[in-house]
Amino acid sequence: MKRDVYCGQVIKEQVGRQITLCGWVASWRDHGGVVFVDLRDRTGICQIVFKPETGKVYELGRSLRNEDVVVVTGELILRQPGATNPRISTGEVELIAAQATLCNKADPAPFLPSSHEPVSEDVRLKYRYVDLRRRPMTEALIFRHRVTKLMRDYCDEHGFLEIETPILYKSTPEGAREFLVPSRLSPGDFYALPQSPQLFKQVLMVAGMDRYMQIARCFRDEALRSDRQPEFTQLDLEMSFVDREDVIALVTGLIRRLWSELLQVQLPERFPHMSWQEAMDRFGVDKPDTRFGMELKDVSETAAQTDFAVFKDAVASGGCVKMIAVPGGGTLSRKQLDELTAEAKQFGARGLAWIKLGGDAGAGNMGGPIAKFISPALQQTLRTATGAADGDLLLAVADKREIAWRVLGELRLKLGRTLGLMNESSWNFLWVIDFPGFERDEATGKIIARHHPFTSPLDDDLPQLESDPLSVRAKAYDLVLNGVEIGGGSIRIHRREVQSRIFSLLGISPEEAEKKFAFLLDALRFGAPPHGGIALGMDRLIMLMLGRQSIREVIAFPKTQSGTDLMTQAPSPVEPAQLADLHLAVVGLPPHGQAVPKHAAAEKQP
RNA sequence: GGGGGCGUAGCUCAAUUGGUUAGAGCAUCGGAUUGUCGAUCCGAAGGUUGCGGGUUCGAUCCCCGUCGCCCUCGCCA
C-alpha cells in the first residue's frame with residue numbers, strides 16, 4: 001500500500017509529517033521555478049509543490065499533464081498566509097514533493113473532469129470512466145453507497161434477512177415486456193430476466209423467512225425515459241403477519257432516517273395519507289405533487305346550467321366539467337392559450353375552454369370566447385367554486401372523468417412548473433392508498449389487475465368482487481415524493497380461494513393459472529402467512545435526494561434512450577457458433593457479417 | 001411506432017440573406033515565467049461541418065434520406 005492518506009482528507013494535524021498521496025493530475029501550473037500540481041482522488045484535491053532543488057523529481061513534476069497518474073511523497077506543510085485556497089478542503093496545506101513516481105502517462109482526455117464546462121451526454125457516456133472522475137458524479141456514487149448501506153443497516157435492525165433471488169427466471173408475460181435468455185441445455189426454451197422478484201419474495205414468506213429484503217436489480221424491456229432504464233434497482237421488501245400500516249410505518253421510518261442522516265432534514269413522523277379517489281379528484285393524477293395548489297374543481301352542476309353546448313352535452317352524456325384556476329393566468333397571451341390547448345389535445349381532450357377573470361372584460365366580469373354563454377349569477381358561482389379572482393384564468397375540460405383528470409392534471413403540473421409555483425426546497429411525501437384493484441382494458445374490454453393479480457382486495461370490498469369488480473379497492477399503496485412515485489406495494493393474497501376468485505375475475509382459467517403460477521399456487525396451499533411488502537425505486541429516490549434531473553446521473557453505467565451502452569457498445573452481434581450452441585438463428589436481417597451495429601454506423605473512421 | 005430538439009476542431013460554442021482561406025475559448029505541442037490554484041504571456045498545430053444524395057455558378061446554411069444523442073406521446077409501476 002503506497003498511500004498514507006486520501007488527497008481530500010489531508011488535515012492540518014498531519015503538517016510536518018512525510019506522507020504519500022496517490023492520484024490523478026487535476027491541473028498543473030508551471031511558474032518556471034516552482035510547479036504546482038493539483039492531485040485528485042475520489043475524496044478531493046491536494047496541491048503538490050515541485051521545487052527545482054529536487055532535480056529529477058522537479059523535472060518529473062514539470063512534465064506532468066492532466067490525468068497523469070502519480071504517487072508523490074513529501075512533507076506536508078502549512079501554506080504561506082495569503083496563499084491559501086478556501087475553495088478546497090485541503091486549501092490551507094500543501095505537499096512539498098520529495099519523491100514522485102509516474103505510474104501512467106495519460107493521453108489528452110476527451111474532456112477534463114475538472115472543467116466547469118458542460119459536456120454532451122453521449123461523450124460522457126462513451127468515456128464514463130473520465131466522467132465519473134467529475135466531482136458531481138463521484139459524489140453521486142458515494143452518496144448512493146451511503147443510501148444502500150443505511151437501508152441494509154435499517155432493515156437489519158428491523159429483523160430483515162437479505163436474500164438473493166434468481167436473475168434467470170421464468171417468463172411470466174404479464175405486465176412489462178421481458179428480456180429473454182436462451183437456454184443451451186433446454187434447446188428452444190428461454191429464461192426471462194425478472195421484472196421484479198415479486199413472486200420469489202412471496203414464496204420466501206411461505207418459507208417462513210418472515211422478513212426479506214434485497215437491493216434487487218429489475219429488468220423491463222420497455223421504452224426508456226429520463227427516469228427509466230431497462231435495468232434498474234429497487235429496495236425490495238416483504239414482511240409476514242403485517243397489515244398495510246405496518247409496512248407504511250416501517251418505510252416511513254426508513255425514509256426519515258435517510259433524510260435525517262444523509263440530508264440533515266427532519267421529516268414528520270407520519271406522512272399524509274390520501275385515497276386514490278381523492279388524489280384523482282383534487283389533482284387528476286395518482287401521484288400528486290402537493291407542493292402547490294391549483295387543484296381541480298368539479299363544476300359539472302353549474303356548467304350544465306350554462307348555455308355553452310359543450311358543457312351541457314358533456315354532463316348530459318354522463319361526463320363532467322372540471323376546472324383549474326391559474327393564479328395570475330389572465331396575462332397569458334392568445335398564443336400561449338393555443339399552446340395549452342394543443343397540449344390538452346395531446347392528452348386526449350377534444351378542446352380546452354378558457355375564461356379570463358377581470359382584465360379587458362372589466363372588474364368582476366369574465367372574458368374569453370365562452371364567457372357570453374355564462375350568466376352573471378353562474379359566473380359568480382364559478383368564482384366561488386374555483387376560488388378564482390380577477391386576474392386569474394380558468395381552464396375547463398368537459399369530457400369523461402378520466403380524460404378531464406388526465407388533461408387538467410398534466411396542465412396543472414406544466415403550469416405549476418412554468419409559473420414557478422413549486423417550493424423547490426420542500427419534501428412533500430404522501431402515501432396514496434385505496435387504489436382500485438381492477439380496471440377495464442380499453443382495447444379488449446377485459447377486467448385487468450391494476451397492480452398485479454396477487455394484490456389483496458380490501459376486506460370490506462371482497463363481497464362485491466364478482467358483482468361490481470371495478471368498485472373493489474386494493475390493499476395497495478404508493479409512496480409519492482413531490483409528484484414522483486418512488487415506491488409501491490401491497491398486502492398480498494394469502495388464501496388460495498381468494499386467489500382463485502381473482503383469477504376467475506381476470507379471465508385466467510385454472511389451467512392457465514396453473515401453467516403460469518403453479519409454484520405460487522402450490523405455495524399458497526402449503527401454509528402461507530398473511531404478508532405484504534413494497535419496492536422502492538433506488539434510482540429515482542437517489543436522483544430526488546440529490547436534486548438531479550435524470551436517473552442516469554446516479555447510475556455508474558447507464559444506457560442510452562435506445563438501450564445501448566456507448567462505452568461497451570452493447571448490445572452487439574455474436575459469433576455464429578454462439579448462436580448455434582443456443583439453437584438460435586437471426587432472421588429478417590441481412591446475413592450475418594453484413595449486419596452492422598446501429599450505433600457503430602455513425603462512428604468516424606480512425 | 002408517432003411528434004419535437006440537437007449534431008461544426010479532442011471538448012464547449014460562433015460563422016450576416018446561400019458567397020472568398022469555416023473562427024474563438026479550453027485542451028494539446030514549443031518557448032517564457034519562483035507562489036499559482038479556472039495562473040499569465042508569446043508562438044504553433046489541429047476541420048471529410050455525423051453520413052449519403054439532391055438543388056445551385058457556389059451549401060455549415062435550403063431539400064430528401066440515413067445514423068446517433070436528448071425530450072415527449074404511446075408503452076412501462
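Sequence lines set the chain letters: A, B, ... in the order given, protein chains first and strands last, and positions in each chain run from 1. Given the structure is predicted, the values throughout are model-derived calculations rather than measurements.
Within 3.5 Å, a donor on the side chain of Arg79(A) pairs with an acceptor on the base of U36(B), or the reverse. If you check distances only, the side chain of Gln47(A) does reach the base of U36(B) with a donor-acceptor pair under 3.5 Å. Between the side chain of Arg62(A) and the base of U33(B) there is at least one donor-acceptor pair of N/O atoms closer than 3.5 Å. With hydrogens and angles ignored, no donor-acceptor pair under 3.5 angstrom links the side chain of Lys126(A) to the base of G68(B). If you check distances only, the side chain of Asn85(A) does reach the base of C37(B) with a donor-acceptor pair under 3.5 Å. You'll find a donor-acceptor pair under 3.5 Å spanning the side chain of Glu94(A) and the base of G35(B), going by distance alone.
Distances from the side chain of Thr560(A) to the nucleotides A27(B), A77(B), C69(B) place C69(B) closest. Closest contact between the side chain of Arg228(A) and the listed nucleotides C75(B), C11(B), U36(B) involves C75(B). Ranking C70(B), C76(B), G35(B) by closeness to the Glu222(A) side chain, first place goes to C76(B). Checking A27(B), G35(B), U72(B) against the side-chain heavy atoms of Ser226(A) singles out U72(B) as nearest.
Here, U55(B) and U16(B) have their P atoms 24 Å apart, quoted to the whole Å. Between the P atoms of G2(B) and C64(B), the separation comes to 16 Å (whole Å). Here the separation of U48(B) from G3(B), taken at their P atoms, is 33 Å to the nearest Å. Atom name P, nucleotides G25(B) and U21(B): the rounded distance is 23 Å, in whole Å. Annotation: U8(B) and G47(B) have their P atoms spaced 15 Å apart (nearest Å). For the C1' atoms, the distance linking C13(B) with C29(B) amounts to 23 Å, nearest Å. Annotation: A77(B) and A59(B) have their C1' atoms spaced 49 Å apart (nearest Å). The separation of G54(B) from U12(B), taken at their P atoms, amounts to 31 Å, rounded to a whole angstrom.
For the pair His31(A) and A39(B), the ring geometry qualifies as stacking, because the centroid separation is below 5.5 Å while the planes lie within an angle under 30°.
Nucleic acid contact class of Asp30(A) (heavy atoms, under 4.0 Å, all strands): base. Within the 4.0 angstrom heavy-atom criterion, base atoms lie near Thr84(A). Ser27(A) comes within 4.0 angstrom of sugar-phosphate atoms only, judged by non-hydrogen atoms across all strands, and of no base.
Thr564(A) has a side-chain polar atom (N or O) that falls below the 4.0 Å cut-off from OP1 or OP2 of C69(B). Proximity of Gln195(A) to the phosphate of A77(B): a side-chain N or O atom is located under 4.0 Å from OP1 or OP2. Distances shown here put every side-chain N or O of Arg29(A) at or beyond 4.0 Å from the OP1 or OP2 atom of U33(B). At the phosphate of A77(B), neither OP1 nor OP2 sits under 4.0 Å from any side-chain N or O atom of Arg225(A).
Checked by atom type, the side-chain pair Arg548(A)/Ser550(A) shows no donor-acceptor distance below 3.5 Å. At a cut-off of 3.5 Å, with distance as the only test, no side-chain donor of Ser196(A) or Gln234(A) sits close to an acceptor on the other residue.
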